[in-house]
Amino acid sequence: MKQDLFTRYALGPYTLKNRIIMAPLTRSRSQQPGNIPWRLNAFYYAQRASAGFIISEATQVSQQGQGYAFTPGIYTSEQIEGWRLVTEAVHDAGGLMFMQLWHVGRISHPRLQPKQGLPVAPSAIAPSGQAFVTNAQGEPEFLPFVTPRALETHEIDGIVQQFVQGAKNALAAGMDGVEIHAANGYLLDQFLNSTTNQRSDAYGGSVENRARLVLSVIDALTRVFGGNRVGIRLSPLGTFNDMGDENPEALFDYLTQQLNEKELAYVHVVDPTFGGHATVEEKNPEGEKLMQIIRKNFKGTLIVCGGYTRARAQKTLQEGQADLVAFGRDFISNPDLPERFKQGAPLNPSDPSTYYGGGYQGYVDYPSLKEAQGEEAAADYSIFSRN
Ligand code: PHB
């Protein structure tokens with residue numbers, strides 16, 4: 001059968017209409033106070049419902065799991081109601097949506113934490129850099145990261161339970177599945193990597209021990225959702241958020257063999273081959289090798305993301321290196337990305353200055369092809385101004 005971006009794909013109980021996936025994208029536009037999704041967010045996701053499926057922006061499973069101002073949560077009844085607006089809008093537009101479940105671990109700040117406490121992590125090792133928080137007036141502010149508190153062994157089950165509750169709430173909000181965020185230097189990735197995990201209990205040291213928490217989260221979530229609706233995201237060789245591992249090949253070789261034993265809808269990899277950039281031509285041989293190990297070990301659905309162009313994605317699918325390809329920045333600026341790919345139409349460039357925070361500008365006002373060609377009128381976005 002022809003494997004290309006425009007052929008259908010059976011993912012668990014769902015039939016995807018194409019293999020062009022909307023990547024999880026932090027946009028920091030939830031309603032305040034309370035970090036609650038609202039109709040602006042519903043409109044944005046519904047505009048992108050032509051994706052094979054949508055993965056939501058990273059969504060904190062608890063207040064402790066929040067690391068940035070204005071990111072949405074999935075732990076209060078108001079947030080569940082807010083996400084229900086989103087899933088209804090996406091479903092009405094013919095789309096499918098998974099929620100990415102997020103705990104940031106040390107990538108937080110007391111300003112965002114319950115009782116202004118310390119962020120938690122596998123070990124008390126501070127990341128370098130600054131946290132994005134708000135001041136007493138609710139205005140954005142950057143503050144240096146602090147040294148987190150190492151979780152006690154007896155607290156680890158509570159972390160698993162935060163993910164379980166998040167998954168239950170996502171289901172209650174009408175999500176079609178969940179993606180466990182175990183990438184990009186957040187809590188589960190902090191457990192996986194030797195740089196951030198210096199523990200001496202059953203959750204640190206060996207590769208087996210460092211993978212224990214994430215595997216426990218998978219087991220717990222597949223009990224809630226069934227294996228066909230739980231995916232996981234990984235970022236081998238990632239250095240974002242001050243990460244690194246002493247032996248990535250050993251870590252991801254073991255981990256993906258274990259993942260193959262689990263019931264999972266998919267494994268989603270932030271592909272290290274081109275370092276996330278479409279403009280990079282030279283392959284990173286270590287990244288390419290890791291992708292080969294992952295593809296060999298994990299026999300289920302593999303999604304890749306990071307620096308894919310239409311041409312690179314087609315080649316990857318045709319060569320059988322992955323089953324689905326996720327696109328981030330291009331989905332920010334092209335609500336109708338699958339149609340543009342199909343027609344070979346030019347893409348709107350995305351504007352990084354409006355990636356995080358703010359209102360509808362740079363969020364829902366990127367034109368579709370039909371709008372750009374004057375065949376369809378643009379919506380009246382003033383309904384989304386807050387004043
Ligand atoms: C970000 O807010 O910059 C961010 C969030 C989640 C990620 C990566 C980056 O996985």
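Just follow the structure's listing: the first ligand is 1, and inside any ligand the first atom is 1. The first residue of the sequence shown is numbered 1, and numbering continues consecutively from there.
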Checklist entry - Looking at CD of E208 and CG of L215, how far apart are the two atoms once the value is rounded to the nearest 0.5 Å? => result 10.5 Å
Next on the checklist: Just to confirm my output: which protein heavy-atom neighbour is closest to atom 5 (C) of ligand 1, and how far is it?
Outcome noted: T26 OG1, 3.1 Å
Next on the checklist: As a quick check of understanding, evaluate side-chain contact (heavy atoms from CB on, under 4.5 Å) for F341 and N18, giving each step before the final call.
Outcome noted: CA-CA 11 Å; F341 277 161; N18 59 52; over 6 Å; no
Item to check | Close-contact set for ligand 1 against W102 heavy atoms, below 4.0 Å | outcome: 5 (C), 6 (C)
Item to check | atom 8 (C) of ligand 1: the protein heavy-atom neighbour that sits closest, reported with distance to 0.1 Å | outcome: N184 ND2, 3.5 Å
Checklist entry - Is the gap between the ring centers of Y68 and W102 under 6.0 Å? => result yes
Next on the checklist: Please list, in number order, the atoms of ligand 1 under 4.0 Å from a heavy atom of F240.
Outcome noted: 3 (O), 8 (C), 9 (C)
Checklist outcome for this item: Looking only at protein heavy atoms, what sits closest to atom 3 (O) of ligand 1 is Y356 OH, 3.2 Å
Next on the checklist: Counting non-hydrogen protein atoms only, what is the nearest one to atom 4 (C) of ligand 1? Give residue, atom name and distance.
Outcome noted: Y186 OH, 3.3 Å
Checklist entry - Taking the six-membered ring for Trp, are Y266 and F53 ring centroids under 6.0 Å apart? => result yes
Next on the checklist: I need the atoms of ligand 1 closer than 4.0 Å to a non-hydrogen atom of H181, numbered in the order shown.
Outcome noted: 6 (C), 7 (C), 10 (O)
Checklist entry - With a 6.0 Å cut-off on ring centres, are Y308 and F327 close enough? => result no
Item to check | Any side-chain heavy-atom pair of H181 and N184 under 4.5 Å | outcome: yes
